[in-house]
2 protein chains.
Amino acid sequence: MTSVEEPARPGERERVRDAARTQAEILDVATQEFARAGYDGARVDEIAARTRTTKRMIYYYFGGKEQLFTTVLERAYTVIREAEQELDVEHLDPVAAIRRLAEVTFDHHEQHPDFIRLVSIENIHEAHHIAASEKLGRIGSPALDVIRRILEEGRRSGLFTTDVDAVDLHAMISSFCFFRVSNRHTFGALFGRDLVDPAQRAHYRTMLGDMVIAYLTAERASD
Amino acid sequence: MTSVEEPARPGERERVRDAARTQAEILDVATQEFARAGYDGARVDEIAARTRTTKRMIYYYFGGKEQLFTTVLERAYTVIREAEQELDVEHLDPVAAIRRLAEVTFDHHEQHPDFIRLVSIENIHEAHHIAASEKLGRIGSPALDVIRRILEEGRRSGLFTTDVDAVDLHAMISSFCFFRVSNRHTFGALFGRDLVDPAQRAHYRTMLGDMVIAYLTAERASD
DNA sequence: TAGCTAACGTACTAGTTCGTACATTAGACA
DNA sequence: TGTCTAATGTACGAACTAGTACGTTAGCTA
């Protein structure tokens with residue numbers, strides 16, 4: 001999400017015109033602005049003002065506000081998918097692997113509140129931008145493949161007693177991680193508890209893992 | 001959320017001027033419009049147009065767009081709190097009671113997608129309207145009290161092995177119910193699965209209950 | 001039934017906001 | 001070193017949008 005501020009690598013004197021840098025700078029600022037204010041709340045002029053370039057360039061490179069937002073989304077999703085690719089849990093036993101996966105998901109959500117906000121905003125708009133994006137249509141999810149393999153192994157070994165679909169488990173894990181960040185403000189205002197309080201971080205991280213493992217290893221759930 | 005369209009109770013001829021009805025009508029339409037487009041995306045003119053009255057009246061009764069949104073939120077939360085008051089699970093054993101509570105929460109989220117959207121929107125705005133509202137500050141949560149009592153009983157009887165805080169359990173249940181509705185569109189677009197597909201409703205409802213019960217009755221989780 | 005006021009409608013304005021027409025120049029390359 | 005184009009800046013316009021000034025009237029009450 002932050003490709004920002006390459007301070008002119010040595011030997012490479014900062015050029016006045018640099019298409020790639022200008023585009024990256026616009027995307028960085030746009031990400032912040034859209035995440036801050038929502039699609040309609042975001043101001044193209046404001047984005048331009050916080051850039052070293054002008055509004056003209058936003059239209060030159062991205063075409064318009066709508067496409068800019070789509071590109072921001074594309075980049076945000078690409079970042080998270082790349083992080084998922086790093087996932088290295090196959091050497092762990094199924095229980096540890098799932099817990100680790102949950103923790104990595106937990107950490108990623110916490111570390112990218114802007115991404116969470118963008119996704120919330122995109123949902124208000126019924127995912128129209130994702131639908132319109134070719135890139136996002138076929139981006140896939142490495143995490144899902146990992147979950148699938150772990151679940152299979154866990155079931156074969158008899159460690160997991162619950163027969164759950166990978167997508168559903170992903171939804172279960174994501175929902176907790178996402179909600180904790182996305183609904184932080186209303187939840188805090190209504191129940192007087194900050195779900196993202198650093199002092200409670202380990203607590204909630206453990207709670208998530210416990211919950212998922214308990215579900216997967218429950219002795220004969222209802223079915 | 002829908003006080004709408006009282007079609008002139010018999011004997012009570014529809015008056016041309018009716019303050020209460022006008023206000024309710026504005027609130028109904030405003031709820032839809034804000035939920036549809038977000039705070040900044042919503043148009044005061046559009047709200048007025050879909051009402052039998054005019055924009056003038058919105059300002060007459062509510063003061064402005066900001067206060068109108070706050071009032072919409074207040075009413076939406078009041079509705080959900082009233083639903084929680086109906087909650088009648090104390091006669092059930094702790095396991096059944098928690099499962100029932102989870103199911104009621106699940107049902108309520110499904111039945112009020114507009115409410116979910118409003119809450120998402122309010123979170124984008126960092127709960128500023130809730131913070132500014134006296135009414136919402138001290139609205140409380142009947143559900144929390146219920147959870148507290150069930151948990152206590154469950155622990156005393158030895159049925160629940162996990163020592164969890166009522167607010168945290170509420171967060172756990174809510175996160176799943178909320179995410180399923182709030183992130184329906186992005187999740188569907190990315191994973192090709194509609195979390196709110198009626199055919200899957202019972203499946204997810206059971207899954208939530210299983211998860212919560214598994215967590216509460218797990219044999220000595222990590223602690 | 002006369003008077004009064006809460007309830008209402010119309011028409012307008014000031015300010016904002018996305019988008020673009022037009023002009024300019026850095027710097028790659030021949 | 002001259003040329004050409006991608007990259008850039010300035011200034012402006014058309015459309016929208018929250019909010020209001022001013023005038024009107026339904027219907028309650030005395």
Side-chain angles (χ1 to χ4, degrees), chain A residues 6 8-9 11-34 36-72 121 125 128-129 132, chain B residues 3 6 8-9 11-34 36-73 121 125 128-129 132:
Chain A
E6 319 233 328
R9 281 153 294 182
E12 202 181 307
R13 131 138 70 12
E14 172 102 327
R15 286 195 311 286
V16 173
R17 296 182 173 196
D18 185 332
R21 191 200 55 199
T22 300
Q23 289 175 55
E25 203 178 325
I26 291 172
L27 281 178
D28 287 336
V29 176
T31 299
Q32 292 170 31
E33 174 70 0
F34 280 125
R36 183 187 67 79
Y39 178 77
D40 291 288
R43 297 287 161 245
V44 177
D45 283 299
E46 175 66 20
I47 294 171
R50 284 166 51 201
T51 299
R52 272 179 296 179
T53 183
T54 65
K55 184 165 57 158
R56 176 74 182 73
M57 288 296 98
I58 293 175
Y59 288 89
Y60 184 66
Y61 284 121
F62 300 98
K65 189 180 181 181
E66 199 95 30
Q67 295 105 300
L68 176 61
F69 182 70
T70 302
T71 310
V72 163
I121 290 159
H125 296 280
H128 286 323
H129 305 91
Chain B
S3 32
E6 319 232 328
R9 280 154 294 181
E12 201 180 306
R13 129 138 70 8
E14 172 101 328
R15 286 195 309 285
V16 174
R17 295 183 173 194
D18 185 332
R21 191 200 54 201
T22 301
Q23 289 175 53
E25 203 178 324
I26 291 172
L27 280 178
D28 286 336
V29 176
T31 299
Q32 291 171 30
E33 173 70 1
F34 279 125
R36 182 187 69 78
Y39 178 78
D40 291 288
R43 297 287 162 244
V44 177
D45 282 301
E46 176 66 20
I47 294 171
R50 285 167 51 202
T51 298
R52 272 179 296 178
T53 183
T54 65
K55 184 164 57 156
R56 176 71 182 75
M57 288 296 98
I58 293 174
Y59 289 89
Y60 183 66
Y61 284 121
F62 299 99
K65 188 180 182 182
E66 199 96 30
Q67 295 105 300
L68 177 61
F69 182 70
T70 301
T71 310
V72 163
L73 268 185
I121 290 159
H125 296 281
H128 286 324
H129 304 91

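Please read these numbers as outputs of a predicted model, since none were measured by experiment.
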Enquirer: Using whole Å, report how far CZ of B/F34 lies from C1' of D/dA18.
Expert: 11 Å
Enquirer: How long is the line joining CG of B/D18 and C1' of C/dT5, in whole Å?
Expert: 16 Å
Enquirer: Measure from the side chain of A/Y61, starting at C-beta and using heavy atoms only, and say which of C/dG19, D/dT17, D/dA7 lies closest.
Expert: D/dA7
Enquirer: May I have the distance from A/E66 (atom CD) to C/dC18 (atom C1'), rounded to whole angstrom?
Expert: 12 Å
Enquirer: Taking only the side-chain nitrogens and oxygens of B/Y59, find out if one of them lies under 4.0 Å from OP1 or OP2 of D/dG19.
Expert: yes
Enquirer: Looking only at heavy atoms, what is the nearest atom pair of B/A30 and B/V72, with distance?
Expert: CB-CG2, 3.8 Å
Enquirer: Below 4.0 angstrom from OP1 or OP2 of D/dT8, is there any side-chain N or O of A/T22?
Expert: yes
Enquirer: May I have the distance from B/F69 (atom CZ) to D/dA18 (atom C1'), rounded to whole angstrom?
Expert: 17 Å
Enquirer: Indicate, with a heavy-atom threshold strictly under 4.0 Å, whether A/R43 touches base, sugar-phosphate, or nothing.
Expert: sugar-phosphate
Enquirer: If every non-hydrogen atom of B/D18 is compared with every non-hydrogen atom of B/R15, which pair is closest and at what distance?
Expert: OD2-NH2, 3.1 Å
Enquirer: Quick one: on DNA chain D, does B/K55 or B/V16 contact a more 5' nucleotide (nearest heavy atom)?
Expert: B/K55
Enquirer: Using a cut-off of 4.0 Å on non-hydrogen atoms, how would the nucleic acid contact of B/A42 be classed: base, sugar-phosphate, or nothing?
Expert: sugar-phosphate
Enquirer: As a test of reading the structure: which of D/dG9, C/dA7, D/dA18 is closest to the side chain of B/A19, going by heavy atoms?
Expert: C/dA7
Enquirer: Report the distance from atom CD of B/Q23 to atom P of C/dA6, rounded to the nearest whole Å.
Expert: 14 Å
Enquirer: Would you mind reading off the distance between B/M57 atom CE and C/dG9 atom P, rounded to a whole angstrom?
Expert: 6 Å
Enquirer: Looking at D/dA7, C/dT10, C/dC18, which one has an atom nearest to any side-chain atom of A/Y60?
Expert: D/dA7
Enquirer: Provide, to the nearest angstrom, the distance between the CG atom belonging to B/D45 and the P atom belonging to C/dT13.
Expert: 16 Å
Enquirer: Which class fits the ring pair A/Y39 and A/H129: parallel under 30°, tilted 30 to 60°, perpendicular over 60°?
Expert: tilted
Enquirer: Indicate the atoms forming the closest heavy-atom contact of A/A42 with A/A37, along with that distance.
Expert: N-CB, 3.7 Å
Enquirer: May I ask you to verify if any side-chain N or O of B/T53 is less than 4.0 angstrom from the OP1 or OP2 atom of C/dG9?
Expert: yes
Enquirer: What about A/R17, does its side chain sit under 3.5 Å from the base of C/dT25 through a donor-acceptor pair?
Expert: yes
Enquirer: For the side chain of A/K65, starting at C-beta, report the closest nucleotide among C/dT10, D/dA7, C/dG19.
Expert: C/dG19
Enquirer: For the residue pair B/A48 and B/K55, what are the closest heavy atoms and their distance?
Expert: CB-N, 3.4 Å
Enquirer: Measure the distance from CZ on A/R52 to P on D/dA7 and round it to the nearest whole Å.
Expert: 16 Å
